[in-house]
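Step one of this worksheet: look at the structure below.
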Amino acid sequence: MTASRFDIPTLQRMDAEHHLHPFCDNAALAKQGTRIITRAEGVYVWDAEGNKLLDAFAGLWCVNVGYGRQELVEAAARQMRELPYYNSFFQCTSQPTIELAELITSLAPDNITHAFFTGSGSEANDTILRMVRHFWSVQDRPEKFNVIGRYNGYHGSTVAGASLGGMPAMHKQGGLPIPGIYHINQPYWFEYGGDLSPDDFGLQRARELEEKILELDPETVAAFIAEPIQGAGGVIIPPASYWPEIQRICRKYDVLLIVDEVICGFGRTGKWFGCDFFDIQPDIMPVAKGISSGYLPIGAVMFSERIAGVLKEKGGELAHGYTYSGHPVCAAVALENIRILQREHIVESVDTDTGPYLQKRWLQLAEHPLVGEARIAGFIGAIELAPNKPERRFFADPGTVGAMCRDFALANGLILRATRDSMLLSPPLVMTHAQIDELIEKTHKSLDQTWDAVKART
Ligand code: PXG
């Protein structure tokens, strides 16, 4: 660690006494002590105890260009010297903000022509909930108010984001979801597919959207929101039949299609957006994370010419905005981050070189006795740890074996995320073949250790 006034136990005590951590059991954490991350380079991070860890999770699904990029440091410093802050209210804006809006819309599907900037993915989804209702309302259709999301979808932690998402644990805290938000089942074949083929199951799950629209009355449904690939829910890659059917249903009932690109956007699937990977034409796309590779917080709502036209012609004054909407330093860093992705052909490499190599090696893990299924698209994947592979059954105590595997991985110098008993993968997009070999070798070792521990408990 760089010279510090505090030793590690003191820092851990201060943390336990003064800092409430997101998404964790804070009482348990306080006893155990937090891991303090001190520096990072490329695909590795180091903790205060000097452990070097291969980060197979890109921070939190976001460090797409890897750590230690001096170009991003320089971009931030340059912009801070010139103009550290100005807002996008009062008929003003700044140059990086304008350039970023132009650049990201040029990369997006053709009908997406506008961006509204936020500080995060959650703020983007809060913006979207108001935007879609306002869109219908100013066209004299205020009854088009309901939004449909999915169980086990994740769209953020703010009131609208958590309501649009379908996480039961989040709905329990704070009286969510708010009115006018409904959920349908997810296209999670491993758990729910039963005897159906993945494609038949995908169609069945997509048609739940049509049933829900008809149940609510199409005249009351404003929009449907979903992630191209569910991330926080466990990297659930829908069967190929799913998205075309969802698109057909949204068009048929004039329901706006919101495709949440916060994780898939900016190269994660080997395409610029998850929409390109599945050939979806969305009306609206929230983005964040990979837009700046997490170096500074920034998100955006990207939306179609149709929506922009209505909002500009009939919307009147937009009664919505954040202090940090279009923050010039965040925008400058996002711009340079995207230029790195372009300059170094990183998205193409995930599509045609490192991605196929990672996919091949990751899918081989399915041969391990503890792995019920391996799945991957581009640089986002999962393995399901299961007690009896042919049956696609879960462990009786969900979450225990996943946590064991995560802890073995950490001890082996590898950061893998566990959700229930799925091990999730989302590495920086710059991971090389040799680093992929290291990742697979460490994952394999961790699986062996977990398997031994599982056998020992029965
Ligand atoms: N949409 C999606 C698809 C996300 O994955 C958000 C919106 C919200 O973005 P912000 O920037 O407000 O966090 C996310 C964020 C997890 C985990 O446990 C995932 C996210 C955030 C926190 C934890 O996997 N994704």
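Whatever order the structure lists ligands and atoms in, that order sets their numbers, starting from 1.
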Heavy-atom contact check, 4.0 Å cutoff: does Glu123 meet ligand 1?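 Outside the 4.0 Å threshold, so no.
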
Mind checking whether Lys289 has a heavy atom under 4.0 Å from ligand 1?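 Contact check Lys289 vs ligand 1: positive.
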
Would you indicate whether Asp110, at its atom CG, is surrounded by more than 12 heavy atoms from other residues, nucleotides or ligands within a distance under 6.0 Å?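 Counting neighbours around CG of Asp110, 12 or fewer heavy atoms of other residues, nucleotides or ligands fall under 6.0 Å, so no.
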
Tell me whether the count of non-hydrogen atoms from other residues, nucleotides or ligands lying under 6.0 Å of CD in Gln364 goes above 12.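 Yes - once you tally the heavy atoms of other residues, nucleotides and ligands closer than 6.0 Å, there are more than 12.
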
Does Ile263 reach the side chain of Tyr154, with side-chain heavy atoms less than 4.5 Å apart?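 Heavy-atom side-chain distance check fails, nothing below 4.5 Å.
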
Numbering as shown, the atoms of ligand 1 that approach [X] to under 4.0 Å (heavy-atom distance):
{"X": "Glu227", "value": "3 (C)"}
{"X": "Ser120", "value": "11 (O), 12 (O)"}
{"X": "Trp61", "value": "16 (C), 17 (C), 19 (C), 24 (O)"}

So, is Ile263 polar-close to ligand 1, with some N/O to N/O distance under 3.5 Å?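 Between Ile263 and ligand 1 (N or O atoms, distance only) the closest approach is not under 3.5 Å.
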
Judging by distance only, is a nitrogen or oxygen of Arg417 under 3.5 angstrom from one on ligand 1?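 There is such a contact, yes.
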
Looking only at protein heavy atoms, which one is nearest to [atom], and how far off is it?
{"atom": "atom 1 (N) of ligand 1", "answer": "Asp260 OD2, 2.7 Å"}
{"atom": "atom 11 (O) of ligand 1", "answer": "Gly121 N, 2.9 Å"}
{"atom": "atom 13 (O) of ligand 1", "answer": "Ser122 OG, 4.2 Å"}
{"atom": "atom 23 (C) of ligand 1", "answer": "Leu60 CD2, 3.9 Å"}

Taking it one step at a time, do Tyr322 and Phe117 satisfy side chain to side chain contact (heavy atoms under 4.5 Å, CB included)? CA-CA 8 Å; Tyr322 306 106; Phe117 289 109; over 6 Å; no

Under 4.0 Å between a side-chain nitrogen and a carboxylate oxygen: does that hold for [X] and [Y]?
{"X": "Arg248", "Y": "Glu210", "value": "yes"}
{"X": "Glu384", "Y": "Arg375", "value": "yes"}
{"X": "Lys442", "Y": "Glu438", "value": "yes"}

With heavy atoms under 4.0 Å as the rule, classify the contact between Thr158 and ligand 1 as side chain, backbone, both or neither.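 The answer is neither; Thr158 stays 4.0 Å or more away.
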
Between Phe190 and Phe394, is the ring centroid distance below 6.0 Å?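 Yes - the distance between ring centres of Phe190 and Phe394 falls below the 6.0 Å cut-off.
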
